[in-house]
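The structure under discussion appears below in the form of structure tokens.
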Amino acid sequence: MVNSRIIKQRESLPIFHFRQEIIDAIKNENLLVIIGETGSGKTTQIPQYILESFEDCRLIGVTQPRRIAAITVANRVSEEHGTRLGSEVGYCIRFDDCTSAKTRLKYMTDGVLLREATLDPKLEHYDVIIIDEAHERTLETDVLFGLLKETHRLRPELKILVMSATLNVEKFSDFFNECPIFSIPGRTYEVAINHHRDAKIISLKSTYVQRAVDTTLYIHTHEPPGDILVFLTGQNEIEKSCRDLDNQARELNYRRDVQYYDEVRNLIVFPIYASLETMEQKAIFEDPPEGTRKVVFATNIAQTSVTIPGIKYVIDSGYVKQKSYDPSTGMDALLVVPISQAAATQRAGRAGRTAPGKAFRLYSRESFEQLEVDTVPEIQRSSLLGTVLSLKKMGIRDILHFEFIDPPDPMLVKNALKQLFLLEAIDEQGMLTPLGDEMCIFPLNPFLSRVLIASARQFGCSREVSTIVAMLSVEEIFITPRDEERLFEADERRKVFYHSSGDYMTLLQVFEGYRDSGYDRDWCRDRYLNHRALSMAKNVRDQLRELMERHGVSIISCRQKDNQDGDHRKKRSKQTYYETKKYDFTKILEAFSTSYFIHLAKRHPHRSVFYHYASANIHTSEMIDSNSSLLALHISPLSALHPENKIVKVDSLDWVIYHSILYTSKALMKVVSKVKLEWIEEKLKLFKKLETVDLGVDDNKKDKQEKEVDDESVDSIGKESNYIDEEEMKRKKLEAIEAARQRALNRRSLNPDN
DNA sequence: GAGCACTGC
């Protein structure tokens, strides 16, 4: 039963005063936007108001961008509602469906709802859909917006609520037929913003780390007690800042240097970023000891995902490390770029959660005003491969004209269609093929779905491939420590797992070692393996195998009948963990080649760099096809095939396939394997075919013209040798990335979407 | 040869 304490608490929330108005608004409107700042209680209360006053409402779905939020909110609400979690109020995230036939209020991640929509585009089970945290503009949220607008046409009685924290929500209202906006006051404190007097943000790029440390020290010596949160961009600079600040703070003479020395006599410094091994440690989330000031150097993780209590001062570098996909090269670039005004406001807000605070921006007010108003939404800087496949599965034919709230560059859509054609998921007219339909079974990147199906149907190795595919679906497996001694040790320990064919097999060997250890955390720690990632991989593998069984995708092993099964461990060399003739690993690599022929690369004749090999000139062994084929690709230092790891001779590397490329200061191929060209030659014909099909998009003509221009310009530079000077390419690449970014930004500012 | 922001099915 609900006790009076809970009732009191609920009634003390600012939102309670608007209860009846909110209920009336929802009664009257089927499309509604609700603004409510953090702490208003909108996420927990509004769904309950609906539950309490709409008795014939069957099911309310509330989406969250993050799993942890879905769980904690559902917990809280089921308690307030006086029912057991999973009965009337539940949650659903990947690997954990905590709902039942009784459930009327379901918190879930936006990814779960999107996946449900591929099975049931009209979302018939729901009477109310609430998209929460809409301002975060995740890829999934944006796709749901487009779908829900269509659903509203088909099922106008479905109630659709969009909840957001920012004030710039006219856009949401405009998109949903200019629906009403309901605003709820928040419960945050005043944050005084201090801009740097004159520092231009652009000139800050090389100095913000040093300035951030200096500013932290300034606050420590001149401002009253209160913890400090510093926004930087990545692991390296965060670790460096922690060291620098620690050293400088040690030099302080508190009585002489520190203005509030009666209350501030010490400093404690923490790093926080997602890949931090010790993130679960509590100290960072606890109040520091009496007289000690806590400083946290953080990535963007502290902007939305993680809340550190007690922060009174925020220092904002003005920069963020952001991923963006370039369809012309198929590469993800991970670059440090200035943040948006919206992000700066959000960062500052972190100082006012529990009391009034102060924000120090390392850039001037003028610079702030020149920042983009909003962050470019994820959908405009991601590969749309999986999204386009899902939309096709839902029966949406014309994806180029799908109603996105902020449409992605048509290049992104066309690029996805081309890749889906190469994967044989769509046909020449852009229609979903039976294979494409089957690929939608798996919650995987379409490249990997295709490989998994091929491994079952053609190559008889789906047991092993399901493991490798799971390993490829999780975060980085290998831990790289910061201090040199441990770094060396980690490098050594990793070598045990390396397989001479490359990293797909290496990943299999890592997982098997993990399995044989009994999924042991200490086993991982001793080998510098990320236990969190490996246990996630186990979950994914189990889920994939369940889906395979359910959908008649057979699970077959390519393990060879080895006579003395127990013996292979004795026979293993010092260098490798398992490498024996245990598996017919060429089958596995052939299976991967069914997708990754698209990522075929050839080595430079004399060096250990590679070039993407486009099919058009495969028979002339010319490297020139388009810009993308000329960028020098480097093997990741973590790869078994990296020359320094001495698993293979560089000369023996000829053709490789890579799983992905990340561009930071240069293009790095991650997860690389040796292949034989004969496995792939047949598939390369698809590239030729690609030039003659329109995939349901009738403007291939224009594309071809653009392509010819590219060819010419490249050809004139590269006549001498088939290779372009690497520095030159690097510069061109950076220009291209910057130009693409500018295009994305311009499109947004020219097109405010009225 | 020296790396990788953050999520999610």
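FYI, side chains are in, hydrogens and waters are out, and symmetry mates aren't considered; it's all heavy atoms of this structure. Keep in mind that what you see is a predicted model, and the values were worked out from it rather than measured. We name chains A, B, ... by the order of the sequence lines, and we start the count at 1 in each one.
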Partner set under ring-ring contact (aromatic ring centres under 6.0 Å, His included) for F145(A), not counting sequence neighbours:
F172(A), F176(A)
Could you list the residues that satisfy ring-ring contact (aromatic ring centres under 6.0 Å, His included) with F592(A), not counting sequence neighbours?
Y504(A)
Identify whether the distance between the nearest side-chain nitrogen and carboxylate oxygen of [X] and [Y] falls below 4.0 Å.
| X | Y | result |
| --- | --- | --- |
| R545(A) | E549(A) | no |
| K392(A) | D437(A) | no |
| D142(A) | R137(A) | yes |

Of all the choices, [options], which nucleotide is nearest to the side chain of [X] once you look at every atom?
| X | options | value |
| --- | --- | --- |
| R115(A) | dC9(B), dT7(B), dA2(B) | dC9(B) |
| I301(A) | dG1(B), dC4(B), dC6(B) | dC6(B) |
| E644(A) | dG3(B), dC6(B), dG1(B) | dG1(B) |
| R67(A) | dC4(B), dC6(B), dC9(B) | dC9(B) |
| R66(A) | dA5(B), dG8(B), dC4(B) | dG8(B) |

Please name all residues satisfying side chain to side chain contact (heavy atoms under 4.5 Å, CB included) with E150(A), sequence neighbours left out, ordered by chain then number.
R153(A), L154(A)
So, using side chain to side chain contact (heavy atoms under 4.5 Å, CB included) as the criterion, who are the partners of P121(A) when residues are at least two apart?
M394(A)
Calculate the interatomic distance between [X] atom [atom1] and [N] atom [atom2]; express it in whole Å.
| X | N | atom1 | atom2 | result |
| --- | --- | --- | --- | --- |
| E136(A) | dT7(B) | CD | C1' | 9 Å |
| R347(A) | dA5(B) | CZ | C1' | 10 Å |
| E484(A) | dG1(B) | CD | P | 17 Å |
| L662(A) | dG1(B) | CG | P | 19 Å |
| E546(A) | dC9(B) | CD | P | 15 Å |
| E237(A) | dC4(B) | CD | P | 12 Å |
| L232(A) | dA5(B) | CG | P | 11 Å |
| F478(A) | dA2(B) | CZ | C1' | 16 Å |

Base, sugar-phosphate, or nothing: which does [X] touch, judged by heavy atoms less than 4.0 Å apart?
| X | value |
| --- | --- |
| D96(A) | nothing |
| T109(A) | sugar-phosphate |
| L668(A) | nothing |
| V112(A) | sugar-phosphate |
| L114(A) | nothing |
| P637(A) | base |
| E140(A) | nothing |

Return whichever of I93(A) or E476(A) has its heavy-atom-nearest nucleotide of DNA chain B closer to the 5' end.
E476(A)
Could you pick out which residue, T299(A) or Q543(A), lies toward the 5' side of DNA chain B when each is mapped onto its nearest nucleotide?
T299(A)
Looking at [X], I'd like to know whether one of its side-chain N or O atoms comes within less than 4.0 Å of OP1 or OP2 on [N].
| X | N | answer |
| --- | --- | --- |
| K666(A) | dG3(B) | no |
| T138(A) | dT7(B) | no |
| S608(A) | dG1(B) | yes |

Could you work out, with side-chain hydrogen bond (donor to acceptor under 3.5 Å, both in side chains) as the rule, every residue matching Y596(A), not counting sequence neighbours?
H659(A)
Of all of residues 435-447 of chain A, which get a heavy atom below 4.0 angstrom from DNA chain B, listed by number?
P443(A)
Are the side chains of V306(A) and F285(A) in touch, meaning some heavy atoms are under 4.5 Å apart?
yes
